[in-house]
S.K.: 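Have a look at the structure that comes next, please.
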Amino acid sequence: MSSAPPIATLPTYEQAAAVVAGCAARLRKTQPPEECVELDAAAGRVLARAICADRDQPPFARSTRDGFACCSADANAHAFMAVAGATRAGEAPAGPLPNGAAWEIMTGAPVPAGADTVVMLEHVEESDGRVRLLPQRAVHVGDNIVPQGAEARAGNELLSAGAVITFAQIALAAACGHAVVDVYRRPRVAILATGDEIVPVNAEPAPGQIRNSNAPMLAAMVAAAGGEPWVLPTAADDAQVLDESLAQAAQADVLLITGGVSAGKFDLVEPALARAGAHFHFTGVHIQPGKPLVFGELPVSGAETDKNENGTKCFFGLPGNPVSSAVTFLLFAAPMLGALGGRNQSGPRFALARLAADTEKHGRPGLTRFLPASCTFDASAGKFPEVRLIPWQGSGDIAALARSNCFLVIPEEINRIPAGEIVRILLF
């Protein structure tokens with residue numbers, strides 16, 4: 001297999017992202033398989049079938065306040081009105097409102113026919129079963145009332161397929177009577193950490209060894225991106241072991257490999273992928289950290305062919321340093337998993353923030369940099385979030401990564417950014 005091209009020929013982040021997006025669109029010729037899950041287990045899943053309103057929402061004109069339903073014209077006359085009855089939330093709608101009368105009503109209760117406003121409890125004077133609007137107050141038609149069907153009409157599509165289910169979508173599904181929902185099957189993602197220096201998390205490392213932090217980190221990131229993580233045994237820097245590991249990973253929908261993708265003597269992942277029939281889309285990107293990223297497709301064969309109409313599955317060879325793995329996963333692998341999992345929106349999450357302190361660009365020129373940073377989201381009106389860099393010791397600094405909640409993006413043509421500038425950040 002030929003060596004990686006020189007840096008001058010590597011794609012930029014934008015070019016590489018476009019390659020991944022194009023591959024995702026091609027691999028997603030058909031929607032993923034569906035399955036049915038209980039609503040209380042649906043958080044984080046992707047909706048496979050639209051949710052429609054089973055009845056008007058709200059199903060009746062609903063009061064948003066405790067108070068008295070009446071005609072606005074009667075209330076604004078500031079004369080006493082007889083209280084003709086009362087309705088609590090959960091009770092059936094009352095009959096028509098008698099002329100000139102008021103109806104005591106609780107928040108969430110149906111408004112009686114004939115009433116066009118609800119006067120708040122604290123805005124009335126009560127006396128001997130009668131109420132009147134305080135003289136200094138005025139009401140309008142529709143005050144404190146949500147009309148029947150104002151939120152949705154029966155049969156309206158409220159949530160489309162491809163939406164990620166969070167607490168809000170669960171509430172909506174419950175309101176429409178969905179005790180179970182149809183979701184897309186999550187893509188199964190094989191995670192293979194490589195390297196002779198890697199030992200299990202519960203092991204005591206010998207001199208020169210490190211614990212396997214990448215596999216559990218990526219498993220958590222895969223789950224957050226909508227995939228089903230499958231952590232494989234760590235592979236030593238040995239051609240036969242790598243070949244066997246790649247064969248084992250054949251049952252996955254996507255393969256993530258960490259380590260062994262640089263240009264060192266024992267970086268054996270690319271040759272192993274080549275022996276497995278890989279087609280490489282690119283073998284490096286103009287970014288730091290994460291420059292050695294490898295992306296391509298592997299052929300599927302045997303029983304897997306029946307499950308894969310495209311004939312290939314994608315792989316990502318992520319750099320072994322944890323910060324590099326995290327950056328490249330967020331930029332490239334997460335969007336791929338989102339697309340394969342049926343998500344409507346699956347791109348990286350970028351945002352704007354104001355830089356807290358001057359930033360000098362260090363490292364190789366011509367690379368877009370993604371630096372560990374912490375962003376504070378100020379609740380004050382009109383203020384941008386404020387971001388500041390986290391001191392770090394390079395792409396192996398897990399402690400700095402753990403103190404971060406985003407990456408500051410420094411474009412390749414920029415060498416210095418002064419404090420106060422609006423910058424782009426990549427959110428976790």
S.K.: So does G320 get a backbone contact from the side chain of N214, meaning a donor-acceptor N/O pair under 3.5 Å?
M.R.: yes
S.K.: Taking the side chain as every heavy atom from C-beta outward, state whether T12 and E412 have any atom pair closer than 4.5 Å.
M.R.: yes
S.K.: Compare every heavy atom of G284 with every heavy atom of P11, then report the nearest pair and how far apart it is.
M.R.: CD-O, 3.2 Å
S.K.: Check this for me, if you would: do D56 and R153 make a salt bridge, where the nitrogen-to-carboxylate-oxygen distance has to be below 4.0 angstrom?
M.R.: yes
S.K.: Minimum heavy-atom separation for A89 and T107, please, with both atom names.
M.R.: CB-O, 3.5 Å
S.K.: Run H178 and I51 through side-chain contact (heavy atoms from CB on, under 4.5 Å) and show every step you take.
M.R.: CA-CA 8 Å; H178 289 267; I51 289 180; 4.0 Å; yes
S.K.: So do L10 and F282 actually touch side chain to side chain, heavy atoms under 4.5 Å?
M.R.: no
S.K.: Between T194 and V269, is there a side-chain heavy-atom distance shorter than 4.5 Å?
M.R.: yes
S.K.: So for atom CD, which belongs to Q345, do other residues, nucleotides or ligands contribute more than 12 heavy atoms lying within a distance under 6.0 Å?
M.R.: no
S.K.: Taking 4.0 angstrom as the limit, do D66 and R88 come out as a salt bridge?
M.R.: no
S.K.: Please determine if E151 and R62 form a salt bridge, counting it only when a charged side-chain N lies under 4.0 Å from a carboxylate O.
M.R.: yes
S.K.: To the nearest 0.5 Å, tell me how far L355 CG sits from I425 CD1.
M.R.: 11.0 Å
S.K.: Look at the side chain of N212 and the backbone N and O of V201, then say whether any donor-acceptor pair between them is shorter than 3.5 Å.
M.R.: no
S.K.: First locate atom CG of L318, then atom CG of L218, and finally report the distance between them rounded to the nearest 0.5 Å.
M.R.: 6.0 Å
S.K.: Count the heavy atoms belonging to other residues, nucleotides or ligands that lie under 6.0 Å from CZ of R55, then report whether that count exceeds 12.
M.R.: no
S.K.: If I compare all heavy atoms of S374 with all of N405, which pair ends up nearest, and what's the gap?
M.R.: CA-OD1, 3.3 Å
S.K.: Does the pair L172 and L159 meet the rule for a side-chain contact (heavy atoms from CB on, under 4.5 Å), with working shown?
M.R.: CA-CA 9 Å; L172 179 64; L159 197 60; 4.1 Å; yes
S.K.: What distance separates L158 CG from Q57 CD, expressed to the nearest 0.5 Å?
M.R.: 6.5 Å
S.K.: Tell me whether E421 is salt-bridged to R416, with the criterion being a basic N under 4.0 Å from an acidic carboxylate O.
M.R.: no
S.K.: Quick one: does any side-chain atom of D196 pair with a main-chain N or O of D237 as donor and acceptor, under 3.5 Å?
M.R.: yes
S.K.: Determine yes or no for a side-chain-to-main-chain donor-acceptor pair under 3.5 angstrom, with N415 supplying the side chain and E360 the backbone.
M.R.: no
S.K.: Could you check whether F280 and F315 have their ring centres less than 6.0 Å apart?
M.R.: yes
S.K.: I need the L39 CG to I170 CD1 distance, nearest 0.5 Å.
M.R.: 5.5 Å
S.K.: Answer yes or no: is there a side-chain heavy-atom contact under 4.5 Å between I417 and D358?
M.R.: no
S.K.: Can you classify the ring geometry of Y13 versus F350 as parallel (below 30°), tilted (30 to 60°) or perpendicular (above 60°)?
M.R.: perpendicular
S.K.: I'd like a table of donor-acceptor pairs (distance under 3.5 Å, sequence neighbours excluded) in which one partner is a side-chain atom from residues 327-341, with atom names and distances.
M.R.:
{"residue": "T328", "atom": "OG1", "partner": "S324", "partner atom": "O", "Å": "2.7"}
{"residue": "T328", "atom": "OG1", "partner": "S325", "partner atom": "O", "Å": "3.2"}

S.K.: I'd like to know whether R403 forms a salt bridge (Lys or Arg N to Asp or Glu O under 4.0 Å) with D397, so could you lay out the CA-CA distance, the side-chain angles of the two residues, the decisive distance to 0.1 Å, and finally the verdict.
M.R.: CA-CA 10 Å; R403 292 193 295 269; D397 192 342; 5.1 Å; no
S.K.: Side chains of L255 and L246: closer than 4.5 Å at any heavy-atom pair?
M.R.: yes
S.K.: Identify whether the distance between the nearest side-chain nitrogen and carboxylate oxygen of R211 and E204 falls below 4.0 Å.
M.R.: yes
S.K.: Do the side-chain N and O atoms of S245 and Q248 include a donor-acceptor pair separated by under 3.5 angstrom?
M.R.: no
S.K.: Sub-3.5 Å donor-acceptor pair from the side chain of K313 to the main-chain atoms of A252, do we have one?
M.R.: yes
S.K.: Any idea which heavy atoms bring P289 and V323 closest together, and the distance?
M.R.: CG-CG1, 4.1 Å
S.K.: Where do V111 and S63 come nearest, in terms of heavy atoms and distance?
M.R.: CG2-N, 3.8 Å
S.K.: Taking all heavy atoms of V231 and all of A219, pick out the closest pair and write down the distance.
M.R.: CG2-CB, 4.1 Å
S.K.: Rounded at 0.5 Å granularity, tell me how far CE in M120 sits from OG1 in T64.
M.R.: 8.5 Å
S.K.: At what distance, to the nearest 0.5 angstrom, does CG of D116 lie from SG of C70?
M.R.: 7.5 Å
S.K.: Set out, in order, the CA-CA distance, both residues' side-chain angles and the distance that settles side-chain contact (heavy atoms from CB on, under 4.5 Å) for W392 and L371, then state yes or no.
M.R.: CA-CA 9 Å; W392 70 316; L371 305 180; 3.7 Å; yes
S.K.: Are any non-hydrogen side-chain atoms of V222 and L256 less than 4.5 angstrom apart?
M.R.: yes
S.K.: The test is salt bridge (Lys or Arg N to Asp or Glu O under 4.0 Å); show your working for E122 and R137 and say whether it passes.
M.R.: CA-CA 11 Å; E122 54 267 39; R137 297 283 181 178; over 6 Å; no
S.K.: We want to know whether Q240 and E244 form a side-chain donor-acceptor pair, criterion being a heavy-atom distance below 3.5 angstrom.
M.R.: yes
S.K.: Decide yes or no for L426 and R349: does some side-chain heavy atom of the first lie under 4.5 Å from some side-chain heavy atom of the second?
M.R.: no
S.K.: Between R354 and I422, is a side-chain contact (heavy atoms from CB on, under 4.5 Å) present by the stated rule, with each step listed?
M.R.: CA-CA 4 Å; R354 192 180 303 278; I422 302 303; 3.8 Å; yes
S.K.: For a 4.5 angstrom cut-off between non-hydrogen side-chain atoms, does L389 reach T359?
M.R.: yes
S.K.: Does a salt bridge link E34 with R49, judged by any charged N lying under 4.0 Å from a carboxylate O?
M.R.: yes
